[in-house]
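Heads up, the thing below is written out as C-alpha cells.
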Amino acid sequence: MASEKVETIVAGNYVEMEREGAATAGDVDGAAAASGRRRGKLAVSSLFWHGGSVYDAWFSCASNQVAQVLLTLPYSFSQLGMASGVAFQVFYGLMGSWTAYLISVLYVEYRTRRERDKVDFRNHVIQWFEVLDGLLGRHWRNAGLLFNCTFLLFGSVIQLIACASNIYYINDRLDKRTWTYIFGACCATTVFVPSFHNYRVWSFLGLLMTSYTAWYLTVAAVVHGRVDGAAAAARAGPSKTMVLYFTGATNILYTFGGHAVTVEIMHAMWRPRRFKMIYLAATAYVLTLTLPSAAAMYWAFGDALLDHSNAFALLPRTPWRDAAVVLMLIHQFITFGFACTPLYFVWEKAIGVHGGAGVLRRAAARLPVVLPIWFLAVIFPFFGPINSTVGSFLVSFTVYIIPAMAHMATFAPAAARENAVEPPPRALGGWPGTFAANCFVVAWVLVVGFGFGGWASTVNFVRQVDTFGLFTKCYQCPPRH
C-alpha cells in the first residue's frame with residue numbers, strides 16, 4: 001500500500017493531465033461529426049507527438065545513447081585493441097546504467113518531497129540541477145548546472161561536427177566547414193519542439209536509423225575483407241602509446257554517458273518510477289549494435305582507423321553507404337534536439353518564459369542558445385578526438401562522479417535512509433552495497449576517466465590543433481571525387 005501511495009504522488013500531475021484531456025474530449029462530444037474529428041486529432045497526436053510511456057523512455061534512452069559515437073567506436077578499437085575495446089564497452093555500459101539508476105532514485109526522492117509540499121510541476125520541467133538543489137543545496141546545484149550545461153553544449157557541438165563530417169562523404173563539392181554552417185541552420189529548427197514528450201516518433205525512427213547503420217558497418221566490413229596489416233594489428237592488440245589507449249577508453253566512457261538528459265526523460269513519463277531498469281535495457285540493446293560494428297570494422301581495417309575517426313571514410317561508396325549516411329544525418333539532427341532541449345529549458349527559466357509562454361515565443365527565446373554551439377563547431381571540427389576530451393572533463397563528473405556522490409550525500413543521514421522513497425534492493429547489497437558501488441565508481445572515474453583520460457585526451461586534442469589548426473575547412477577529408 002505504501003509503494004502504491006508513493007507512485008500516485010510521484011506521477012499525480014500526469015495522471016490528472018491525462019484525465020483532464022479525456023474529460024475535455026468528452027465535453028466536446030456534442031455533435032457526432034465534431035467529436036469524431038476531435039477524437040481523430042487526439043489519436044494522431046498521441047500516436048506521433050505526445051509520448052510518456054515506458055516504451056517512449058526506452059526509445060529515447062537507446063536512441064540518444066548511440067548517435068554519432070557509433071562511427072567513432074571503430075577508431076577507439078584501433079586505439080585499444082579488440083579485447084580492451086569489448087571489455088570497456090561492457091564495463092562502462094554497466095557503470096552508466098548504475099549511475100542512471102542513481103539519478104532516477106534521486107529524482108523520485110526530490111519530486112516526492114516537493115509534491116508532498118503541494119508543489120505543482122504541471123507547467124515546469126524538473127532538471128538535474130534542481131534535484132541537486134532541492135536535496136543538497138545551492139553548491140551542489142551550481143556544480144551540477146556547470147558540468148551538465150557545459151557537457152550538453154559540447155554534446156550539441158559534436159552532433160553538428162558529425163553532420164558535416166558525414167555529408168561530405170556523399171557530397172564533397174562543399175568543404176566540411178561550409179556544411180557545418182548549413183546544418184547549424186537546420187538544427188536550429190529544434191527550438192520548435194516543446195519538450196521530450198514530443199520526441200515520440202523521432203526517438204523511434206532514430207533508433208531504427210542507428211540500427212541500420214550499425215548493421216551496415218558490420219556487414220560492409222566483413223564483405224570488404226581485411227586490408228594489409230589488419231591481421232597483424234589485431235594480433236598485436238593495444239601496442240600503441242598510452243595516449244592513444246586512454247583516449248580510446250575515454251571515448252567509450254563518453255559513449256555510455258548519454259544520460260545527462262535522464263531527468264528530463266523521466267519527467268516526460270506518465271509514471272517516472274518505472275524508469276529504474278529502462279536505461280539498463282537500452283544499454284543492452286545498444287551493445288548489440290556497437291560491439292559487432294566496431295569489432296568488424298577493426299577486424300577489417302586495423303590501424304588504418306587511427307587516421308580515420310569516422311568509420312564511413314574507409315568504406316567504398318555504394319547506395320547502401322549513402323543510405324546509412326543520410327539516415328545518420330537525420331538521427332544526428334534528432335540527437336542535437338535531445339542535447340539542446342535541456343539547455344533550452346535552462347535558458348527559458350533564466351529569462352522567465354518557461355512554462356507559461358506559447359510555442360512561438362519560447363522558440364524565439366531559445367535561438368540564442370544555438371549560436372555558441374554553431375560557433376564552437378566551426379572552431380573545433382575534430383571528429384573523434386573531441387569526444388574523448390568531452391568525456392574526460394565533462395562526462396566523468398556530470399554522469400558518473402556527481403550522481404554517485406550526490407546519492408551518498410543525500411542518504412548519509414540515518415533518517416534519510418529510513419524514509420527513502422526508493423531504498424536499494426537487497427539484491428544490490430542494500431545500503432552498504434550501494435555505498436560501496438558508489439565509492440568504486442567515483443574512484444575509478446576520477447583516476448582512469450578524468451586523470452589518465454584527461455591527460456591523454458588533452459595531448460591528443462592539442463596534436464589535432466597543431467596538425468590541422470583551428471577553423472580548419474576540412475578535417476581528415478578524403479580526396480575529392
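This one's a predicted model, so the numbers in the text were calculated from it and none came from an experiment. Count residues from 1 along the sequence.
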Worksheet entry | Between Trp444 and Phe91, ring centroids under 6.0 Å |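 They qualify: ring centres under 6.0 Å apart.
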
Worksheet item: Among Leu446, Val441, Leu102, Val442, whose side-chain contact (heavy atoms from CB on, under 4.5 Å) with Tyr400 holds?
Response: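 Looking at Leu446, Val441, Leu102, Val442, the match for Tyr400 under the side-chain contact (heavy atoms from CB on, under 4.5 Å) is Val441.
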
Discussion item. As a quick check of understanding, evaluate ring pair (Phe, Tyr, Trp, His ring centres under 6.0 Å) for His308 and Phe301, giving each step before the final call.
Written reply: CA-CA 10 Å; His308 299 85; Phe301 295 102; 8.8 Å; no

[Y] and [X] side chains, donor-acceptor separation under 3.5 Å:
X      : Y      : answer
Ser211 : Tyr285 : yes
Ser97  : Thr283 : yes
Tyr279 : Gln65  : yes

Report the distance from atom [atom1] of [X] to atom [atom2] of [Y], rounding to the nearest 0.5 Å.
X      : Y      : atom1 : atom2 : result
Trp202 : Phe338 : CH2   : CZ    : 11.5 Å
Phe246 : Leu80  : CZ    : CG    : 9.5 Å
Asn64  : Ile265 : CG    : CD1   : 5.5 Å
Tyr344 : Cys340 : OH    : SG    : 4.0 Å
Glu264 : Gln127 : CD    : CD    : 4.5 Å
Leu135 : Thr410 : CG    : OG1   : 4.5 Å

Worksheet entry | Nearest non-hydrogen partners of Leu106 and Trp128, listed with the distance | CD1-CH2, 3.6 Å

Worksheet item: Which is it for Ser60 and Ser203 under the side chain to side chain donor-acceptor pair (under 3.5 Å) test, yes or no, and what are the steps along the way?
Response: CA-CA 5 Å; Ser60 294; Ser203 297; 3.2 Å; yes

Discussion item. Can you tell whether the side chains of Arg362 and Glu348 come within less than 4.0 Å, N to carboxylate O?
Written reply: yes

Worksheet item: Is the shortest distance from a Lys or Arg side-chain nitrogen in Asp133 or Arg138 to a carboxylate oxygen in the other one below 4.0 Å?
Response: no

Parallel, tilted or perpendicular for [X] and [Y], by the 30°/60° rule?
X      : Y      : answer
Phe450 : Phe397 : perpendicular
Trp98  : Tyr101 : tilted
Phe121 : His124 : tilted

Fill in: Phe256/Tyr92 under ring pair (Phe, Tyr, Trp, His ring centres under 6.0 Å): CA gap, chis, key distance, verdict
CA-CA 6 Å; Phe256 295 97; Tyr92 282 136; 8.0 Å; no

